[in-house]
Amino acid sequence: MNAKVIVTLKPTVLDPQGITIQRNLESAGISGVTDVRQGKYFDVEVGDDLGEADRQALVERLARDVLANPVIESYRIVWE
Amino acid sequence: MNAKVIVTLKPTVLDPQGITIQRNLESAGISGVTDVRQGKYFDVEVGDDLGEADRQALVERLARDVLANPVIESYRIVWE
Amino acid sequence: MKFGVVVFPGAYCDHDCYYAIQTVTGKPVEFIWHQETAVDGFDALVLPGGFSYGDYLRAGAIAKFSPIMRSVREFAQSGGLVIGICNGFQMLTESGMLPGALMKNAGTRYVCRYLNLRTETSATPFTGDIDKGRLLYIPIGHGDGNYTADEETLAKLEDDDRIAFRYVDRTGEPTAEANPNGSVSNIAGIVNEGRNVLGMMPHPDRSFEAILGSEDGRLIFESMVNALSRV
Amino acid sequence: MTAQAAAAKSAGTKRMSSSITDEVLEQHNLTGDEYRRIVKILGRDPSETELGIFSVMWSEHCSYKSSRVHLKRLPTEGAVVLQGPGENAGIIDIGDGLAVAFKIESHNHPSFIEPFQGAATGVGGILRDIFTMGARPIATMNSLRFGPLEEADNRRIMEGIVGGIAHYGNCFGVPTVGGEVYFSGCYSQNPLVNAFALGIFEKDKIFFGKATGIGNPVIYVGAKTGRDGIHGATMASAGFGEDAGAKRPNVQIGDPFVEKLLLEACLEAMEKGLVVGIQDMGAAGLTCSSCEMGARGGTGVELNLDQVPQRETGMTPYEIMLSESQERMLLVSERERTAELLAVFHKWGLDAVEVGEVTGDGLLRVRHSGETFAEVPNGPLADDAPLYNRPVVPPAKPRIDGWLTRYSFLDGSPASTMEAFRQADSNPGSVDYADLLRRALGSPNLSSRRWIWEQYDHMVQSNTVVGPGSDAAVIRLKGTSKALAMVLDGPAVHVARDPREGARKAVAEACRNIVCSGGRPVAVTNCLNFGNPEHPEVMWQFSEVVDGMREACEAFGTPVTGGNVSFYNETFDEDIFPTPVIGMVGLLDDVGTVTTVAFKEAGDRILLIEPNSRRTDIDLEEERALQNLISGLIADRVLKSAHDLSEGGFVVALAECCFRAQRRPAIGAQVRTPSSMEVCTDLFGEFPTRVLVSTASVDTLVSRAAEFGLRAHDIGSVGGDRLRVEYEGAVAMDMDINELERLWEGVLPELMGGG
Ligand SMILES: Nc1ncnc2c1ncn2[C@@H]1O[C@H](COP(=O)(O)OP(=O)(O)O)[C@@H](O)[C@H]1O
Ligand SMILES: [Mg+2]
């Protein structure tokens, strides 16, 4: 089974990468983009032998304890 | 208007970050995850004054020319 | 004969390159601001190491859009010597002037250390004075030096004798332990088809005086001078 | 009397608070007495913004209210001191028209809350302290303390902190050339991150944080302001209790790329003569920078917060004044040249905005949307913070067992290792020395630190002559024949046992490290990490440490040019070990005399130099004699290597001299140990004032040592690939040096896993 975990900075947390990308788009000849915020994306495979509840609990733990840093980030899980 | 751009490594490219995460899961007490691949996620704001076609073309260019490196990555755009 | 060192915001090895080339070659060196568009009068250009634009997004990914990069490309196309060191190598792959890509180190962490390189070819203007097979003791300092390319590209690099340096152990073997970043086939540096553009992760600009631990980096700058004086 | 009952007299300042309750004061870490002091200074109740301003300026972190009475005792003067404590960094004269600015600062509390960003912004802050004075940073170091790595949480904290330091320093382009790390249980919930930075400049081009010239504009440059780290300064002034988690949203994010641009822009503006005064916005942000600049200039500063570049919408004056967003500076320029100044920053792609003006009324006036939110006299705000002479009471018994100071690395090592050493000491008959050496080299406190320092770029700027891994780091100064040596030292176990003695040893060891590297010790910075100053034993430790530092600094002629104090390092009411960290800077007039710990050639003789009788407490006179001896031998090129003996004693130092160094693989040594018949103490015990050297001129060395009243034992030679130690006529160990090296190198990588 496959889940996607999307980790993004909390809205008020500074995102130096996003700011730098956005500020330099002009030199790439791209204008009209007013904001960029960068996050992380994880493609996670879990064993098919697990039941649905276990799978969900597993990915939830993975996201919360490992993939996201709860101090500055939040996460979202999407099952495919 | 808001678009999400998801950039992932091509399937044939080894993902050192994903491998490292996966390898360290056991010591974090998490088992059952068979594969992790890490990608990037971008939350992009574009000016509302653009027409839909222009908007799409803009984000397409942003993703192709800037956010992804076509040698190793592919991308996907999701409009919200 | 004049060297130009391109100055990108954040690519701070510009000063190291400037100083190293001046010390080693005694030739004139000038800085070129990344917003410039002309590179007239230069015989060789250096894309230095560092963290241009913080290495945000991907190392070298934002620098490649600087106005100067178009001129650098034209300069290379007309046969001028271009050396990209570390972040400069990343800019060269990002901009397509060299094939492949430099990914995050296999260990995912930044690594700064002295190591051994084996010179894989003397048939470039950057290695003309270095015997094939000679070991060079030159340091690395990077988080994204994991060179990767598809099989076809790799085969072509091999066939065309375009691999300039490999990471090797003390005895000259390209072992897995000697590979600091997971780079395919232990590749540390390559040249383009025209052989006038070199990208390398290790820093000759940090190893040009005995007091810094090694003088081997000199050989690369000296080779460039000799190649240029032959033309 | 409650705060509420304090009379509320408006002085035309808007939004006067009539709701300053005890609870509000508590949130601001202000006591009732402190509040009354504020009311007295203002002649009325403070507004909310003013209360915020006072609370950060009078926090322990910014005001040094508990430490100032003691710090005054430190020796701060000397012929080479151009700037002592009181500015952003201390400055020393190194000749040739050059000066060096250096300082150390703690970022302990933020690094516990968010290890990566906390440590990263710690590096960012100390770098700004250096370049705000006009110096270009050329080196950084860091001193770290963690709980034992057997615990997963401590590994996570270390991974984050080391990663954060690497991220910031590497991206900024300054080499991280050294540091120290130590593991002990007391740091489990309270890691220490002390960041040191050093910069160089011409001595007539020093800039100060002064707002002068009435009518001159006040200019804000750098990153935009967000709600980051509001109350970071007060947070650093309170221990962590159950609610550490609740304090989390305050985390600041560092942007080393912007910092690098800020550096280049500031130095360019200074070079062009566009800067009248400049101060970084560190702890307490805009508040601290504006009021300190006004106080130092004897002027007032009026700020119009509408002009402050903001990243978030709807920020209140309170939030803007207290924000600790990173990579920002406050400048004063001459009115006529302001446009030129702004242009420099704009060229580097940075925000630069006039946000106010220098005034003649001595007030910090804060305006927003046409209203006045604060009007506070700069002088009293910056300089009249409460001063506490807190109770000082020695503890009933020392914090740790005296036995541990012989083998200080055992604290924080696995229990089985501790047990093995105890056994060896009590059963001298049957000791397996090889096993003890394996345990010692395999303990995190003595193992190789390569896992840490390879993550740091220690070579950028191409000046690193000696990087991490030797006694002190050495940086050459291009364009001169000189070099700077620098080191951080904080022997916490020795301090925990006896704070005064431990502090003396710390200074002595720092000096010895500089001397062994070929340098002459010049000056000191220090970071004093302590527990809760409201605990009388903690204040006793503090007072003792200050006196120990004073004695040693006086003995070695190395004035203290600055430092930092971090209190409230405790979790759940347990104070950390008193942990002073000494940052010592030394000078080599001739970089050619640089010396390292590594043995150089097979056949060289190995000598141990020590006092005639072994002692546990340091004798500063004897120590000076040793250092003078070593300096002379190095100047005359008699020594091929020199290594100060510290944690792990003689055998561990010997092994370290053998391990690989640059192109030379590990090399063996065959020695006979001098004996005092104390069995494992002879081999592993820690005693001050000892150095292990190698040389080709034994006779010169032995006679020179005698002239200084010291002994030089000729104990053996370098060569082969085995470490062979004879003790009391028998072979105590005979081991493959490569195997030992693998063991020593493997400790941290194995514990830290993956990657
Ligand atoms: N332990 C100490 N020894 C000597 N000087 C100190 C010590 N702690 C702080 N100081 C001095 O007090 C002043 C204020 O320090 P600090 O608030 O850390 O500066 P900043 O505001 O730049 O962070 C500095 O000049 C510093 O050098
Ligand atoms: Mg400061």
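Here is how names work: the chains are called A, B, and so on, in the same order as the sequence lines, proteins then strands, and each is numbered from 1.
For the options A:Gln17, A:Glu45, A:Arg61, A:Lys40, heavy-atom pairs under 4.5 Å to chain B are most numerous at A:Glu45. Among the candidates B:Gly32, B:Gly29, B:Ala3, the residue making the largest number of heavy-atom pairs closer than 4.5 Å to chain A is B:Gly32. When A:Leu50, A:Val36, A:Ile30 are compared by the number of non-hydrogen pairs under 4.5 Å with chain B, A:Ile30 comes out ahead. Taking chain B as the reference chain and counting heavy-atom pairs below 4.5 Å, the highest number among A:Gln38, A:Met1, A:Lys4 is found for A:Gln38.
To the nearest 0.5 Å, the span separating CG on B:Leu25 from CG on A:Leu67 amounts to 7.5 Å. Note that CG of B:Leu9 and CG of A:Asp43 are 10.5 Å apart. Values are rounded to the nearest 0.5 Å. The CG atom of B:Asp48 sits 8.0 Å away from the OG1 atom of A:Thr34 when rounded to the nearest 0.5 Å.
Looking at B:Ile6, the atoms closer than 4.5 Å to chain A (heavy atoms on both sides) all sit in the side chain, from C-beta outward. For B:Thr8, the part lying under 4.5 angstrom from a heavy atom of chain A is the side chain only. The contact between B:Leu62 and chain A is made by backbone and side chain atoms together, counting heavy-atom distances below 4.5 Å.
Nearest approach of A:Ala28 to B:Val66, heavy atoms of both residues: CB-CG2, 4.1 Å.
Heavy-atom contacts from other residues, nucleotides or ligands closer than 6.0 Å to CZ of A:Arg23 number 12 or fewer.
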